[in-house]
Structures are given as structure tokens and as C-alpha cells.
> 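The structure that follows is given in the form of C-alpha cells.
Atom set for the values below is all heavy atoms of this structure, side chains included, hydrogens, waters and symmetry mates excluded.
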Amino acid sequence: MRTTILLLLAVGCGDNDAPDSATPPAEADADTDADTDADSDADTDADTDADADMPDDPRPFTITVSGEYTGTLSFDEVSCSNPLGSSNFSIFWRDSSDSHFFVLVGQMLGTLDGTGTYDASAVTVKLQEEAGGNGNYFASSASDTVSFTIDHIDEQNEDVRTAWGSYTVSGLSGAVSFSEAVPIWCPSIN
């Protein structure tokens with residue numbers, strides 16, 4: 001009887017080193033999970049790396065305007081717009097403390113084609129006073145030199161989309177000018 005019990009125990013335990021065809025070995029499970037985890041980590045790391053490239057917050061920044069209007073203007077509030085799938089893009093700067101009534105706008109209507117540098121044929125730059133000001137309005141024209149560089153724009157992500165770069169303009173229709181580069185800094189795009 002002892003022999004029978006030992007035989008049953010030996011048969012019941014079987015060879016633990018041989019894989020069961022219905023259950024993959026533990027190592028295969030670990031590899032599959034590791035691959036999935038690695039893919040997830042890579043995607044997360046890629047998103048984090050893209051965000052890490054976002055330049056430091058430039059706010060506030062200042063431009064010194066000369067010409068028909070003369071003054072130093074500070075801007076610290078930004079709003080960016082690029083409807084998903086659209087070739088329109090705008091960046092809108094204002095002063096949140098209302099020390100002046102000017103807004104500074106860079107606008108592309110139907111001309112955005114990803115990252116790159118755009119000129120006056122593709123971009124309009126405007127400096128205009130809103131309600132409470134004197135109604136000053138200055139806009140770039142085809143004769144002005146505009147260099148509008150978008151270093152990064154996330155055009156596909158539906159959650160949080162970002163953009164950054166900078167632009168310069170030689171003047172606004174010969175009426176006013178400023179020499180400082182204006183940041184394109186969009187921590188979120190509407």
C-alpha cells in the first residue's frame with residue numbers, strides 16, 4: 001500500500017519543469033507584461049519628453065514701441081487657438097494688470113502647415129487697443145518683414161496641445177515698430 005501511495009504522489013505531482021500547454025510558463029507572462037509595460041512607459045516617456053522641451057515661461061515680456069505710438073508694453077496673459085484639423089492659428093497676448101489696453105496678436109488664417117518659419121504672406125501681426133484705450137490699431141502688411149517661427153505644435157493630441165517658437169516683425173505698416181522677439185508660448189491650445 002505504501003508503494004501505491006508513493007506512486008500516486010509521484011504521478012499527481014508530475015514534472016513541474018515541463019510547461020502545461022493550457023497555461024503559459026510564468027516567464028512568458030512576465031515577458032508579455034514587461035513588453036506591455038515597456039510600451040506604456042515609452043509612450044508616457046515620449047509625452048513627458050515632448051513636454052520637457054517646452055521653453056521656460058516667458059511671462060511677463062516687454063516690447064518698446066516707437067512711431068505713431070511710443071511706449072513700453074508688458075504682456076503676461078496668453079491665449080492660443082488652433083481648432084483641430086484647421087490651418088488657422090492665433091496667439092493673443094494681453095496685460096492682465098491693465099496697465100495698458102493693447103493686445104498683441106499673431107494670426108495665421110488658412111496658412112499653418114506645421115512647424116517652420118512663415119513670412120508676411122502667411123502671418124498677420126497686430127497691435128491694437130481694446131476698449132478703454134484710444135483706438136490705436138496697427139497691423140503688418142506684405143511690405144513688412146515678418147519671421148514667425150513655430151518650433152513645435154501638437155496638432156493631433158485632443159487632450160492637451162502645446163506650441164512654442166517666436167516671431168519678429170520689422171514694423172506694422174510703417175506706423176510703429178519694435179525690435180524685440182515675441183514669444184510663441186502656448187501651454188494649451190483652444
Side-chain angles (χ1 to χ4, degrees), residues 50-158 160-190:
D51 293 339
D53 291 339
M54 181 108 184
D56 292 337
D57 187 342
R59 301 176 291 182
F61 72 93
T62 303
I63 61 172
T64 302
V65 182
S66 60
E68 290 181 22
Y69 173 86
T70 301
T72 300
L73 305 172
S74 180
F75 299 93
D76 65 355
E77 190 175 298
V78 67
S79 175
C80 301
S81 175
N82 170 239
L84 270 175
S86 170
S87 57
N88 296 340
F89 176 80
S90 65
I91 180 165
F92 186 92
W93 286 101
R94 73 177 53 228
D95 176 38
S96 64
S97 70
D98 294 329
S99 66
H100 61 80
F101 298 101
F102 279 97
V103 293
L104 182 58
V105 180
Q107 190 170 40
M108 304 176 76
L109 297 176
T111 56
L112 177 66
D113 189 22
T115 60
T117 299
Y118 298 87
D119 63 14
S121 67
V123 179
T124 301
V125 175
K126 298 182 261 186
L127 179 64
Q128 66 188 59
E129 280 185 298
E130 294 187 308
N134 294 321
N136 286 309
Y137 176 86
F138 310 103
S140 62
S141 65
S143 64
D144 293 316
T145 302
V146 175
S147 180
F148 195 92
T149 302
I150 298 176
D151 295 322
H152 167 85
I153 185 165
D154 184 350
E155 296 179 273
Q156 303 302 319
N157 189 348
E158 292 183 25
V160 176
R161 299 175 347 163
T162 58
W164 59 82
S166 64
Y167 67 88
T168 57
V169 60
S170 64
L172 300 177
S173 299
V176 296
S177 64
F178 55 90
S179 60
E180 297 86 356
V182 176
I184 297 171
W185 188 79
C186 303
S188 66
I189 299 174
N190 300 324

> Taking all non-hydrogen atoms of both residues, which atom of P183 and which atom of W93 are closest, and how far apart?
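Closest approach of P183 to W93: O-NE1, 3.1 Å.
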
> Could you tell me the separation between the OG1 atom of T168 and the CD atom of E180, rounded to the nearest 0.5 Å?
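Atom-to-atom, T168:OG1 and E180:CD are 11.0 Å apart.
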
> For residues S140 and L172, determine if any side-chain heavy atom of one lies less than 4.5 Å from a side-chain heavy atom of the other.
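They are in contact (side-chain heavy atoms under 4.5 Å apart), so the answer is yes.
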
> Show every side-chain hydrogen bond (donor to acceptor under 3.5 Å, both in side chains) that has at least one partner inside residues 101-113, sequence neighbours left out.
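Residue pairs passing side-chain hydrogen bond (donor to acceptor under 3.5 Å, both in side chains), neighbours aside: Q107-K126.
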
> Per the side-chain hydrogen bond (donor to acceptor under 3.5 Å, both in side chains) rule, what does the pair list look like for residues 77-90, sequence neighbours excluded?
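Every side-chain hydrogen bond (donor to acceptor under 3.5 Å, both in side chains) pair that includes a residue of residues 77-90, provided the two are not neighbours, is N82-R161.
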
> Can you pull out every ring pair (Phe, Tyr, Trp, His ring centres under 6.0 Å) where at least one residue sits in residues 116-150? Sequence neighbours excluded, please.
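Matches after skipping sequence neighbours: F148-Y167.
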
> Mind listing the closest non-hydrogen atom pair of P187 and V78 along with its distance?
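The answer is CD-CG1, 4.3 Å.
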
> According to side-chain hydrogen bond (donor to acceptor under 3.5 Å, both in side chains), who are the partners of S97, at least two apart in sequence or on a separate chain?
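With neighbours one apart ignored, the set is D95.
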
> Might you point out which heavy atoms bring A163 and I189 nearest each other, and give the distance in Å?
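Closest approach of A163 to I189, heavy atoms only: CB-CD1, 3.8 Å.
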
> By salt bridge (charged side-chain N to carboxylate O under 4.0 Å, His left out), which residues pair with E68, not counting sequence neighbours?
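So E68 forms no salt bridge (charged side-chain N to carboxylate O under 4.0 Å, His left out) with any residue.
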
> Under 4.5 Å between any side-chain heavy atoms of V125 and V182, yes or no?
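No. Closest side-chain heavy atoms not under 4.5 Å.
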
> Under a 3.5 Å distance rule, please check whether H152 uses its side chain to pair with a backbone N or O of M54 as donor and acceptor.
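Between the backbone of M54 and the side chain of H152 there is no qualifying donor-acceptor contact (under 3.5 Å).
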
> Rounded to the nearest 0.5 Å, what separation is found between the CZ atom of F89 and the CD1 atom of I184?
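If we round to the nearest 0.5 Å, F89:CZ and I184:CD1 are 6.0 Å apart.
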
> Output the distance between atom CH2 (W185) and atom OG (S166), rounded to the nearest 0.5 Å.
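Those atoms lie 14.5 Å apart.
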
> Looking at side-chain heavy atoms only, is the closest gap between L127 and L73 below 4.5 Å?
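Yes, close enough: below the 4.5 Å cut-off.
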
> To the nearest 0.5 Å, tell me how far I63 CD1 sits from F75 CZ.
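Answer for the CD1-CZ pair, I63 versus F75, is 4.5 Å.
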
> Just verifying a value: how many Å separate C186 SG and F92 CZ, rounded to the nearest 0.5 Å?
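So the gap between those two atoms works out to 13.0 Å.
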
> By ring pair (Phe, Tyr, Trp, His ring centres under 6.0 Å), which residues pair with Y69, not counting sequence neighbours?
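So Y69 forms a ring pair (Phe, Tyr, Trp, His ring centres under 6.0 Å) with F102.
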
> Identify, with sequence neighbours excluded, every residue that meets side-chain hydrogen bond (donor to acceptor under 3.5 Å, both in side chains) alongside T149.
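side-chain hydrogen bond (donor to acceptor under 3.5 Å, both in side chains) list for T149, sorted by chain: T117.
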
> How would you list, by chain and number, every residue that makes a side-chain contact (heavy atoms from CB on, under 4.5 Å) with S66, sequence neighbours excluded?
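If we apply the side-chain contact (heavy atoms from CB on, under 4.5 Å) test to S66, skipping adjacent residues, the hits are S177.
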
> Report yes if the side chains of F101 and N134 come closer than 4.5 Å at any heavy-atom pair, otherwise no.
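Heavy-atom side-chain distance check fails, nothing below 4.5 Å.
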
> With sequence neighbours left out, what residues match D151 under salt bridge (charged side-chain N to carboxylate O under 4.0 Å, His left out)?
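Once residues adjacent in sequence are excluded, D151 has no partner under the salt bridge (charged side-chain N to carboxylate O under 4.0 Å, His left out) criterion.
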
> Between F178 and T64, is a side-chain contact (heavy atoms from CB on, under 4.5 Å) present by the stated rule, with each step listed?
CA-CA 6 Å; F178 55 90; T64 302; 5.8 Å; no

> Sequence neighbours left out, what passes side-chain contact (heavy atoms from CB on, under 4.5 Å) with S170? Give chain and number order.
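Counting only residues at least two positions away or on another chain, S170 forms a side-chain contact (heavy atoms from CB on, under 4.5 Å) with D144, T145.
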
> With sequence neighbours excluded, tell me which residues meet side-chain hydrogen bond (donor to acceptor under 3.5 Å, both in side chains) with E130.
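Once residues adjacent in sequence are excluded, the partners of E130 under the side-chain hydrogen bond (donor to acceptor under 3.5 Å, both in side chains) criterion are R94.
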
> Output every pair passing salt bridge (charged side-chain N to carboxylate O under 4.0 Å, His left out) with a member in residues 55-66, not counting sequence neighbours, ordered by first then second residue.
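Salt bridge (charged side-chain N to carboxylate O under 4.0 Å, His left out) check on residues 55-66 returns D57-R59.
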
